[in-house]
Amino acid sequence: MKFALAGNPNSGKTTLFNALTGSTAHVGNWPGVTVDKRVGMYKKLGEQIEIVDLPGIYSMSPYTPEEVVSRNFMLEDKPDGIINIVDVTNLERNLYLTTQLLELDTPIIVALNMSDLLAKSGATVDIAKLEKALGVPCVEISALKGNNLQDLMKKAVAATKEKRIGWSVVKDSMITDLYNEVIGLYESTDMTDKAFHAVKMIENDELEIVHNLEIQEKVNLLKEDVDTGIFQGDYEGVVADARYKNITAHYSSALVKKENTGLSTSEKVDRVMTHRIWSIPIFLLIMFGVFHMTFSENLFYLGGLIPDSFDSAIFGSGKINSPGIILTNILGLGTGWIDGLISNALPAGTWYTGLIYNGIWGGVSAVLGFLMQILTLYFFIAILEDSGYMARVAFILDRAFRRMGLSGKAFMPLVMCFGCAIPGIMGTKTLENDAERRRTIMLTPFFSCGAKLPIWAAFGAVFAAQYSGINAEFLVFGTYIFGIAIAIIASFILKNTIVKGDTQPFIMELPTYHSPQARNITVLLWDKLKHYIKKVTTVIVGAIIVLWVLQSFNFRFEMVTDSAESIIGTIGRGISWLFVPLGFGMGENGWIFVVAAITGLIAKEMVVGTLGLFGGIEGAEGIEAGEIVGTSLGVLMLGIGGTIGGVSVAIPAMLSYMAFNLLSVPCMAAVAAAAGELNSRKHTWITIAFWMITSYLCSLVIFWLGTLIAWNPIIGISVAVALVIIIVGAIIIREKRNSRKALALL
Amino acid sequence: MEKLLKDFRPGEIGMVRNVKADGKIRRRLFDMGVTPGAEIMLRKVAPLGDPIQISLRGYELTLRKTEAETVIMEVSE
């Protein structure tokens, strides 16, 4: 037996699904569209009951992927019954979807969720009245506390034993006659769900029309005689109006309210959280807190209070680590132990030790190194999301984001990218508009991810040791800021050129705040973790094997001892001229930097490792940035770019190299994730090309500007300032023209 | 008196008379309960001046001024 679980977003659907199915749920993707579907089993009634969690929807209109997916599932997969979850504290809007589900012939049971919250507010629902008006069984439940769930399932199973014929509230509306005539046209067909199809046909629903062109012609004739008043022939409006009128007339009276007693808790919280002045500082503080808890090695800046004698490999020495770092260290102990096992088990110096230990295990453990921080970041963002705060963030930031061609909803996926671009790309699912989703995905590499940090740290340490004018921390921080600046400019350019199309309309519910549910967050983290590990391990392990082959064999497939002679070494030397204009391809060692950057396209963890391999240090990806100073690798890095006319261009070449690594293709796993979300070969290639071109151009500008400044600081800096003025000016002028155009349209 | 939802001040209450948006946005507004006859209160304006937060049918909804511009309201003098 199979039930569909349908309801509005924020109606407690996920909580009910988790409560009913326990840990049996598994997540899959719907074919063709990127909407998650979850299936689980309810086992408490003896027989096996399958429950399919449909995406949260407000309507069965044909406009969003979620709606189309839910609709197709109910029409084509024909579940034995529908459990319609309704938030009783928001009855009116939730019943709007119910009036649409009632049009199907499928047996329905209405689960009135959050009844405990309603009782607390002093209101009650007249169940008998509601059941009579809807004509289907209704059960009061609390998904959170698990109240009445067995009763719900028993009644749901009982409901499937009786045959049900769908009906529509449109039968009592301003178009009653039209509805009766249209349903008459469907009576002669052998279709099921006649009421549903009839209403969709009246609404001129595009998915309905393509299947029943003949009926449409007849309906169009019938419509000529109908007067739709203020709707002026807008039948979608007529039907929506009929639904809400019906709900107000019949069902709202089932809700017995107590006299309104001032502000609700949610309203009080929002007086602070979305305050005109304080909301933005509060938001910045929260985001800082989240990053601090994830990445800081000096939690709450308690370093001064902790005695220097405090020394723990896990909790920090002389200061306390943040939870993110503590978890990373604990995982590090585990991977270190496995590391020992593998290196002891494999004989040293054989080819398969190189592949398994240095190659596959090295890559996997490097990825695992970021796992805990990504998970910690996810944990805090899940709390903000589940509590309802993320919707407020979208509300606060929407205006600023819209300037760049994004909506406030793009904020969360982009923040995720500081941890890893892959969950960020997967998170763009929540953006409804295709153009906006594509733009957001294209910006993801510019938010420097965890795997890139070792590159910044290594260059920062080595160059700071050599040149007194460079501060390592400032260089790392500056890289992050540079990435964000490029994202803003790139987003603006994309909006006006290759990915046109305005942002999606921003019509979004601000859900009531509630305390985050431990169970929901655990389930979510577990899902994400599985998804992430699967994606990363398959793609990364594959890429590592390919890379290992390329770097261990020459073109005649003979093993080489000197990597410079390998396939990748030969290719690197062959194409390094392409990167001569960017500076880092110059000089006798230029090809090494080129090869390292190319391996970085596969996975950014490998850049420092590859440099170490050619610089004569094995396992460079594992050593602390500061320890590279003075080694042969450090010397190699300081020689980047060589000289022009006898003057070293190491600093401009280094900056150009960092920019290239920051802005280019982040890694193969991210490309795979982007291909999955873009769902189009063409757009995937455009995205890859965009990353490569952006990184090439930015590195080019940085190198030559840097060289100019090194040659003559006054001219160089003047040119740099002029360039910034031109870019900012062009954006402002274009924005003005856009808004004037928008005004002209009104 | 007729007034656009966009021009409402925080705390102002009115009734929807008509929605002038097109296609998808119109449908979305209807689905969210912004239909003729619905009572709407403007709750607040976002810190940067857009979007706005409204209260209707017992819940809170946010929309941009470009969308609120299409909602024609009836307010008592």
Side-chain angles (χ1 to χ4, degrees), chain A residues 10 57-59 61-64 87 89-94 96-97 203 229-232 234 236-237 239-241 243-245 247-248 252 255 266-267 270-271 274-280 391-392 394-400 402 407-408 503-512 742 746, chain B residues 2 4-11 13 15-74:
Chain A
N10 305 309
I57 50 171
Y58 293 108
S59 166
S61 84
Y63 294 123
T64 71
D87 172 4
T89 62
N90 188 353
L91 196 61
E92 210 169 319
R93 217 232 18 251
N94 274 257
Y96 179 77
L97 179 67
E203 286 183 318
I230 59 159
F231 292 100
Q232 296 169 354
D234 170 27
E236 273 186 329
V239 172
D241 181 58
R243 294 192 198 284
Y244 273 113
K245 282 225 168 77
I247 292 165
T248 332
S252 295
L255 192 65
S266 236
E267 283 159 14
D270 259 345
R271 292 192 109 182
T274 61
H275 186 273
R276 253 207 121 133
I277 294 161
W278 300 117
S279 58
I280 291 178
R392 270 75 182 182
F395 173 71
I396 296 167
L397 294 185
D398 182 66
R399 174 92 187 239
R402 197 157 33 125
S407 77
T503 49
Q504 63 192 61
F506 186 73
I507 303 172
M508 188 182 70
E509 180 182 2
L510 291 174
T512 315
L746 289 171
Chain B
E2 218 172 66
L4 296 179
L5 179 58
K6 180 190 81 140
D7 301 322
F8 267 39
R9 304 194 158 276
I13 299 176
M15 209 164 77
V16 179
R17 185 184 274 185
N18 203 354
V19 178
K20 285 285 183 203
D22 285 325
K24 192 176 167 176
I25 299 177
R26 182 182 175 87
R27 173 63 189 247
R28 184 84 175 164
L29 287 170
F30 282 146
D31 284 345
M32 299 309 282
V34 185
T35 58
E39 194 184 82
I40 291 182
M41 180 180 88
L42 185 83
R43 176 83 67 188
K44 66 169 69 170
V45 179
L48 300 172
D50 196 20
I52 59 169
Q53 178 183 346
I54 59 173
S55 178
L56 81 159
R57 300 190 188 273
Y59 83 104
E60 304 293 315
L61 183 73
T62 166
L63 67 165
R64 291 196 186 125
K65 284 193 167 163
T66 44
E67 283 113 28
E69 192 153 36
T70 66
V71 182
I72 299 164
M73 306 290 296
E74 178 71 43

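Proteins get letters first, then strands, A, B, ... in listed order; numbering begins at 1 in each.
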Okay, Tyr96(A) and chain B: the region with an atom under 4.5 Å from a heavy atom over there is side chain
Distance col, row His275(A):NE2 vs Lys44(B):NZ, nearest 0.5 angstrom, shows 7.5 Å
For Ser407(A) and Arg64(B) the tightest heavy-atom approach is CB-NH2, 3.4 Å
Taken to the nearest 0.5 Å, the spacing of Thr62(B) OG1 from Glu509(A) CD works out to 11.5 Å
When the 4.5 angstrom heavy-atom criterion is applied to Arg57(B) and chain A, the contacting part is both
- Query: Between Arg402(A) and Asp50(B), is the closest basic N to carboxylate O distance under 4.0 Å?
  - Reply: yes
Pair count under 4.5 Å, heavy atoms only, with chain B: among Thr512(A), Asp234(A), Val239(A), highest is Asp234(A)
After noting the C-alpha distance and the side-chain angles of Glu60(B) and Phe395(A), does the key distance pass the side chain to side chain contact (heavy atoms under 4.5 Å, CB included) rule? CA-CA 12 Å; Glu60(B) 304 293 315; Phe395(A) 173 71; over 6 Å; no
Under 4.5 Å to a heavy atom of chain A? For Leu56(B) that would be neither
Turns out that what part of Ala400(A) lies under 4.5 Å from chain B's heavy atoms comes down to both
Most heavy-atom pairs under 4.5 Å with chain A, out of Gly33(B), Pro36(B), Pro51(B), belong to Pro51(B)
**Working for side chain to side chain donor-acceptor pair (under 3.5 Å), residues Thr35(B) and Arg243(A)** = CA-CA 10 Å; Thr35(B) 58; Arg243(A) 294 192 198 284; over 6 Å; no
Cut-off 4.5 Å, heavy atoms of chain B, and the answer for Thr274(A) is both
When the 4.5 angstrom heavy-atom criterion is applied to Ile396(A) and chain B, the contacting part is both
Rounded to the nearest 0.5 angstrom, the CD1-CD1 distance for Ile507(A) and Ile25(B) is 6.0 Å
When rounded to the nearest 0.5 Å, the distance separating NZ of Lys24(B) from OG of Ser61(A) is 8.5 Å
Please step through side chain to side chain contact (heavy atoms under 4.5 Å, CB included) for the pair Glu92(A) and Tyr59(B), ending with a clear verdict.
CA-CA 9 Å; Glu92(A) 210 169 319; Tyr59(B) 83 104; over 6 Å; no
Inset, instruction - Output, in order, the C-alpha distance, side-chain angles, deciding distance and verdict of side chain to side chain contact (heavy atoms under 4.5 Å, CB included) for Arg43(B) and Asp270(A). - result: CA-CA 11 Å; Arg43(B) 176 83 67 188; Asp270(A) 259 345; over 6 Å; no
Side chain to side chain, Arg276(A) and Pro10(B), heavy atoms closer than 4.5 Å:
no
dist Glu39(B):CD -> Thr248(A):OG1 (nearest 0.5 Å) comes out at 11.5 Å
Counting heavy-atom pairs under 4.5 Å with chain A, the top scorer among Ile52(B), Val34(B), Thr66(B), Val19(B) is Ile52(B)
Rounded to the nearest 0.5 Å, the CG atom of Asp31(B) sits from the OH atom of Tyr244(A) at a distance of 7.0 Å
